[in-house]
Enquirer: 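Let me begin by handing over the structure; questions about it come next.
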Protein chains: 2
Amino acid sequence: MRLTPALITEATLALGDREGEKAMSMRRIANELGCDPMAIYRHFPNREALLDAVADQIVDEVPPPAEGEPWDERIRAVLTGMRAVALRHPGIAGHVAARPPLGSRGRRYAGGLLAALAEAGLPPADVVRAFQALIAYSAAGLRMAVDAGERDARWHQVSGAMDDLPGDAMPVVGSEEQFEYGLRLLLNGIRVEGRLSTAEGCPQGTPR
Amino acid sequence: MRLTPALITEATLALGDREGEKAMSMRRIANELGCDPMAIYRHFPNREALLDAVADQIVDEVPPPAEGEPWDERIRAVLTGMRAVALRHPGIAGHVAARPPLGSRGRRYAGGLLAALAEAGLPPADVVRAFQALIAYSAAGLRMAVDAGERDARWHQVSGAMDDLPGDAMPVVGSEEQFEYGLRLLLNGIRVEGRLSTAEGCPQGTPR
DNA sequence: ACCTGAACACCGTTCAAGT
DNA sequence: ACCTGAACACCGTTCAAGT
């Protein structure tokens, strides 16, 4: 059977889902496809490029945000959607966390985020800054979740740092709840910046 | 000469500074120390543990925050300080970005951050959540800076997603400026949460 | 009992040799 | 001209054999 980029990325994704990140080696992918490892290099310049393509592919599974929703709700929907999709594909999730998928599919969603941030009232230069901050935070949150799922979970050291804190409900490191809290902080922060730059002032704030 | 953990971490750090992340292999570190690769395993269970120790070691170079400063300034000082130190050690910076150094030295700084967040007026459970959000964001910002310094810099794709935006000053991906903007968003957000939970400030604020 | 280095089971990628 | 698979230059870690 003729080899195509799509066949390769699909086999890679399936292998990663089934056997994890380290199973996605050029040799094992080739084995999966029944071809020579070098055959893959005629469709992708190197392993990194292949993983980028696999990461971009799963973006298709992210549900598009509802049109009528306010800007902050759309941002939340896209970022938690991407997170959920990545966690459904444990093999590639680590790569998504390291390099946000901004291939052709990812680009579409990026446009939606940028539009939402403009709607929030940020000046264009800050739209870009806030966008990058959101992407960076999401990547880090995903990485925490991935690592927390691993056996040796170094992120759990974070709880170790808190031993002397009043014994309170400790959110699970890398949990959905933890991720959403940080996202709320960022959206709070964006709201404040938006208000400042549209000069509506603090006292009678815009809804929520 | 007798091998000690400190000798090993110092040799590893020096090698990484000089020749980058990939130079810090067990074989090359051993070569640097003039010992058998296996000798290292008597001081560290595996390579990951050694890199954790190296990452924790550079925390010593972070200047402690001034005592009199307000909480937000102290948080900014510690996080930008850690970032600066990591960027001074390019070999280990990637590891710091992947796994915040929370060994014995890192723990001390973590305590300072937790205290600052309590001062901001957050309830104890949110102190922990905000702490983890800050650590996650800092890690991601550092990773962007590290990757941006590399030749192939995938993070630059972020700019690619913004082609159709009104041509405005584009902040350099992973730059100090970009990092500080996201930090400001988070601190804005924490301030809002602090006000809500202490029931001061903006009159109509209701927790959601 | 302690230590070491050969060996295992892999990598990504190059490139010369084959068709 | 195209393709392939042997070979290169590495890995982290295990473990048997040596002292």
Side-chain angles (χ1 to χ4, degrees), chain A residues 1-9 11-55 90-96 98-99 146-147 150-154, chain B residues 1-9 11-55 90-96 98-99 146-147 150-154:
Chain A
M1 179 174 216
R2 197 93 189 82
L3 219 53
T4 65
L7 275 174
I8 297 170
T9 55
T12 306
L13 183 61
L15 191 58
D17 286 353
R18 213 181 334 116
E19 302 191 45
E21 191 158 12
K22 280 154 73 175
M24 301 184 298
S25 73
M26 299 306 264
R27 282 167 158 91
R28 299 208 42 195
I29 296 162
N31 202 280
E32 190 83 352
L33 289 161
C35 72
D36 190 275
M38 282 304 102
I40 300 171
Y41 283 85
R42 265 187 295 126
H43 298 94
F44 298 96
N46 52 44
R47 183 167 178 268
E48 205 71 23
L50 167 56
L51 293 186
D52 284 349
V54 174
I92 200 67
H95 190 78
V96 173
R99 321 273 195 179
V146 169
D147 289 354
E150 281 171 13
R151 213 176 313 297
D152 63 342
R154 233 129 327 176
Chain B
M1 181 175 215
R2 197 93 188 84
L3 218 52
T4 65
L7 275 173
I8 296 170
T9 55
T12 305
L13 183 61
L15 191 57
D17 286 354
R18 213 177 337 112
E19 301 193 45
E21 192 159 8
K22 281 153 70 173
M24 300 185 298
S25 74
M26 299 306 264
R27 282 167 158 93
R28 298 210 42 195
I29 296 162
N31 202 280
E32 189 85 353
L33 288 160
C35 73
D36 189 275
M38 282 306 100
I40 299 169
Y41 283 85
R42 264 186 295 126
H43 298 93
F44 298 95
N46 52 42
R47 183 167 177 267
E48 206 69 25
L50 167 55
L51 293 186
D52 285 349
V54 173
I92 199 68
H95 190 78
V96 173
R99 321 273 195 182
V146 169
D147 289 353
E150 281 171 11
R151 214 176 312 295
D152 63 342
R154 231 128 329 177

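Throughout, a chain's letter reflects where its sequence line sits, starting with A, and its residues are numbered from 1.
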Enquirer: Is A/Pro90 close to A/Asp17 at the side-chain level, that is, under 4.5 Å between some pair of heavy atoms?
Expert: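 Yes, their side chains come closer than 4.5 Å.
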Enquirer: Run the numbers on A/His43 and A/Leu3 for side chain to side chain contact (heavy atoms under 4.5 Å, CB included), then give the verdict.
Expert: CA-CA 9 Å; A/His43 298 94; A/Leu3 219 53; 3.7 Å; yes
Enquirer: Kindly indicate whether the side chain of B/Asp147, heavy atoms from C-beta on, has any atom under 4.5 Å from the side chain of A/Arg99.
Expert: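 Heavy-atom side-chain distance check passes, below 4.5 Å.
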Enquirer: May I ask you to decide whether A/Arg18 forms a salt bridge with A/Glu32, counting only side-chain N to carboxylate O separations under 4.0 Å?
Expert: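 Counted as a salt bridge, because a side-chain N and a carboxylate O are separated by less than 4.0 Å.
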Enquirer: Within residues 29-39 of chain A, find the residues that approach DNA chain D with a heavy atom at under 4.0 Å, and present them sorted by residue number.
Expert: A/Asp36, A/Met38
Enquirer: Are the side chains of A/Ile8 and A/Thr12 in touch, meaning some heavy atoms are under 4.5 Å apart?
Expert: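 They are in contact (side-chain heavy atoms under 4.5 Å apart), so the answer is yes.
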Enquirer: Distance under 4.0 Å to a non-hydrogen atom of chain B counts as contact; along DNA chain C, which nucleotides mark the start and end?
Expert: C/dC3 to C/dA7
Enquirer: Distance check, P atoms only: D/dC8 and C/dG18, in whole angstrom units.
Expert: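 Straight-line distance between the two P atoms is 15 Å.
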Enquirer: Answer yes or no: is there a side-chain heavy-atom contact under 4.5 Å between A/Asn31 and A/Arg27?
Expert: no
Enquirer: Using the C1' atoms only, state how far D/dT14 lies from C/dG12, rounded to an integer number of Å.
Expert: 23 Å
Enquirer: Under a 3.5 Å cut-off for both contacts, is D/dA1 paired Watson-Crick or G-U wobble with anything, and if yes, with which nucleotide?
Expert: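 Checking every strand shown, D/dA1 finds its partner in C/dT19, with both distances under 3.5 Å.
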Enquirer: Under 3.5 Å, side chain of B/His95 to main-chain N/O of B/Ala55, donor-acceptor pair present?
Expert: no
Enquirer: Are B/Met24 and B/Glu19 side-chain neighbours, meaning at least one heavy-atom pair lies under 4.5 Å?
Expert: no
